[in-house]
Engineer: 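Please find one structure pasted underneath; my questions will follow.
Order of the sequence lines sets the chain letters (A, B, ...), proteins ahead of strands, with each chain counted from 1. These figures come from a predicted structure and were not determined experimentally.
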Amino acid sequence: MGMVNQSVLVYERLDSNMKNSQVRNVVIDVLLRNGLVDDAFKVLDEMLQKESVFPPNRITADIVLHEVSKGRLLTEEKIIALISRFSSHGVSPNSVWLTRFISSLCKNTRANAAWDILSDLMKNKTPLEAPPFNALLSCLGRNMDISRMNDLVLKMDEVKIRPDVVTLGILINTLCKSRRVDEALEVFEQMRGKRTDDGNVIKADSIHFNTLIDGLCKVGRLKEAEELLVRMKLEERCVPNAVTYNCLIDGYCRAGKLETAKEVVSRMKEDGIKPNVVTVNTIVGGMCRHHGLNMAVVFFMDMEKEGVKGNVVTYMTLIHACCSVSNVEKAMYWYEKMLEAGCSPDAKIYYALISGLCQVRRDHDAIRVVEKLKEGGFSLDLLAYNMLIGLFCDKNNAEKVYEMLTDMEKEGMKPDSITYNTLISFFGKHKDFESVERMMEQMREDGLDPTVTTYGAVIDAYCSVGELDEALKLFKDMGLHSKVNPNTVIYNILINAFSKLGNFGQALSLKEEMKMKMVRPNVETYNALFKCLNEKTQGETLLKLMDEMVEQSCEPNQITMGF
DNA sequence: CTAGGGTTAG
């Protein structure tokens, strides 16, 4: 501390024309390192004055921002203000630091603040590089905000900040994930090889190719994906790797071409690339979807013999497949197998089990799994809560429904529209209109607009007690007061209700209305109408409607045949 | 910046 005091003493005695930026930087550094934050900021403030003779430089920003974030000396807001003051002197924070700061803002869903910082720095023409922009771009990409991404890239171009390989990677990836593969290919061709002022070139790399191949596969354009692989092999620094082949394998699996997928495994081996656990999981998943569990298990065991061990994802895939064919015992068997194999379950394994059990309506088993999940130190997420609430509603277990809701609240989780829709339909089925209204109100209070499903549940409830006037009122409200429009399901509910009451005229005019409004009728629409005709034995109208059904390309089903 | 895992209500 003595040394610090001496340094400060010396500094204070200096003539003000001796206190240049370099000297001040040293003093600020010493003060901050010794925790004398207020003193440091006093010196900094002198530098940041508008007409300061010795303004801050790159090093000032380096020292201050590094220490500030290391010691958490300032709030995010104050750091932003500080950056802005540096910016007004034409000083940028160090690129690495700025990138980290932008990322952390984005993680806290403060992309707007990040945007403002970068705009401010650009406006003041401070020197900038691509990485901080990449951080913001990848955040915008996660939110699929492509238009703001394009804006940012344009702004970069205006102030001559050159994009790098990562920038290109982010753009391609976001476009591919939004299924806009052609645009991704276009951006790729446009940006790659582009020479900038300083002679640098953005070179295409394996990640770019992998992303594009995956994008093409995900939209089923397998032939083009294969062509891109050929092109990739001809490029300089682009060697296909396990990711490349796994993307192709996934593409074939999704298309149900399991044999071709297995051929790609052979091709990758010939190419000197070992299949990995992702390869196994992809094919196991594909087999489960298209050829059933047994084939998948055989494949899995073959691969284990080749030395590729399964992981949580492998077991989860198998567990899910068991559940989807209602084989809970087998699901639990694979759960045990997973533990034996030394794979520690993560939260998602439990969610998958819960999802499977909810689908086959095994409420007691689901409760057991929830207990196991909690024992494992995990908690349910909104999705899992929704599935469970749905299950307990279905089982008329109001007590459990309330338990789930209080649990959610305890964990600070807000119900979403799916939760509300589930509850509204539950109360509707019990003809508890008071609760229905209460839920609708609460939903609005939570800032959630009613969805088509919400209306569907309520309209259905009023129809079920024969209050068609009330149902029609809501139906009309839909178009008027909210942005949701009636869909096929809503029309079917009403047509069914009128048909049941023998009001064929009203039912028929609703069907006409839906055709006029371009809402497609389906088999159920016609079946609902037939229900009414059958009683009145109006054969002629029936035949006419049958013809119309064909016209509308509605496949008649079992129920239709009964008329 | 690239590959594989659970999504509800009518």
Engineer: Does a distance-only test, which skips hydrogens and angles, find a donor-acceptor pair under 3.5 Å between the side chain of N311(A) and the base of dG4(B)?
Structural biologist: yes
Engineer: Grab the CD1-C1' distance between I273(A) and dT2(B) for me, whole Å please.
Structural biologist: 14 Å
Engineer: Have a look at V280(A) and say if it touches a base, only the backbone sugar-phosphate, or nothing, with a 4.0 Å heavy-atom cut-off.
Structural biologist: nothing
Engineer: Measure CG/L168(A) against P/dC1(B) and give the value in whole Å, please.
Structural biologist: 14 Å
Engineer: Of the candidate nucleotides dG4(B), dT7(B), dC1(B), which contains the atom at the shortest distance from the side chain of L383(A)?
Structural biologist: dT7(B)
Engineer: Have a look at V284(A) and say if it touches a base, only the backbone sugar-phosphate, or nothing, with a 4.0 Å heavy-atom cut-off.
Structural biologist: nothing
Engineer: Is the distance from OP1 or OP2 of dG10(B) to the nearest side-chain N or O of S425(A) less than 4.0 Å?
Structural biologist: yes
Engineer: Evaluate the ring planes of F188(A) and F209(A), with Trp represented by its six-membered ring, and classify them as parallel (under 30°), tilted (30 to 60°) or perpendicular (over 60°).
Structural biologist: perpendicular
Engineer: Does K218(A) make a side-chain N or O approach to OP1 or OP2 of dT2(B) shorter than 4.0 Å?
Structural biologist: no
Engineer: Report yes if the distance between the aromatic ring centroids of F427(A) and F433(A) is under 6.0 Å, otherwise no.
Structural biologist: no
Engineer: Parallel, tilted or perpendicular: which fits the ring planes of Y350(A) and F378(A), with parallel below 30° and perpendicular above 60°?
Structural biologist: tilted
Engineer: I need the CD1-P distance between I213(A) and dG4(B), as an integer number of Å.
Structural biologist: 14 Å
Engineer: Using whole Å, report how far CE of M387(A) lies from P of dG6(B).
Structural biologist: 11 Å
Engineer: Quickly work out the F426(A) CZ to dG10(B) C1' distance and round it to whole Å.
Structural biologist: 16 Å
Engineer: Do D381(A) side-chain and dG6(B) base share a donor-acceptor contact under 3.5 Å?
Structural biologist: yes
Engineer: Counting just side-chain N and O atoms, does Q359(A) come under 4.0 Å of either OP1 or OP2 of dT7(B)?
Structural biologist: yes
Engineer: Between the base of dA3(B) and the side chain of N276(A), is there a donor and acceptor pair under 3.5 angstrom?
Structural biologist: yes
Engineer: Take atom CZ of R192(A) and atom C1' of dC1(B), then tell me their distance rounded to the nearest Å.
Structural biologist: 16 Å
Engineer: The side chain of V278(A) lies closest to which of these nucleotides: dC1(B), dT7(B), dG4(B)?
Structural biologist: dG4(B)
Engineer: Any base atoms under 4.0 Å from N492(A), or only sugar-phosphate, or nothing? Heavy atoms, all strands.
Structural biologist: nothing
Engineer: Ignoring hydrogens and angles, are the base of dG10(B) and the side chain of N421(A) linked by a donor-acceptor pair under 3.5 Å?
Structural biologist: no
Engineer: So, is T453(A) close to the dG10(B) phosphate, meaning a side-chain N or O under 4.0 Å from OP1 or OP2?
Structural biologist: no
Engineer: Using the salt bridge (charged side-chain N to carboxylate O under 4.0 Å, His left out) criterion, which residues pair with R192(A)? Sequence neighbours excluded.
Structural biologist: E235(A)
Engineer: Indicate, with a heavy-atom threshold strictly under 4.0 Å, whether I424(A) touches base, sugar-phosphate, or nothing.
Structural biologist: nothing
Engineer: With a cut-off of less than 4.0 Å, is there a side-chain N or O of K177(A) near OP1 or OP2 of dC1(B)?
Structural biologist: no
Engineer: Quick one: label N487(A) by what it contacts on the DNA or RNA (base, sugar-phosphate, nothing), any heavy atom closer than 4.0 Å.
Structural biologist: base
Engineer: Does N294(A) use its side chain to pair, donor to acceptor, with the backbone of V297(A) at less than 3.5 Å?
Structural biologist: no
Engineer: Taking the inter-plane angle between the rings of Y315(A) and W334(A) on a 0 to 90° scale, is it parallel (under 30°), tilted (30 to 60°) or perpendicular (over 60°)?
Structural biologist: tilted
Engineer: Which nucleotide in the set dA3(B), dG5(B), dC1(B) lies at the smallest distance from any side-chain heavy atom of I170(A)?
Structural biologist: dC1(B)
Engineer: To the nearest Å, how far apart are K309(A) NZ and dG4(B) C1'?
Structural biologist: 19 Å
Engineer: How many whole angstroms separate atom NE2 of H320(A) from atom C1' of dT7(B)?
Structural biologist: 10 Å
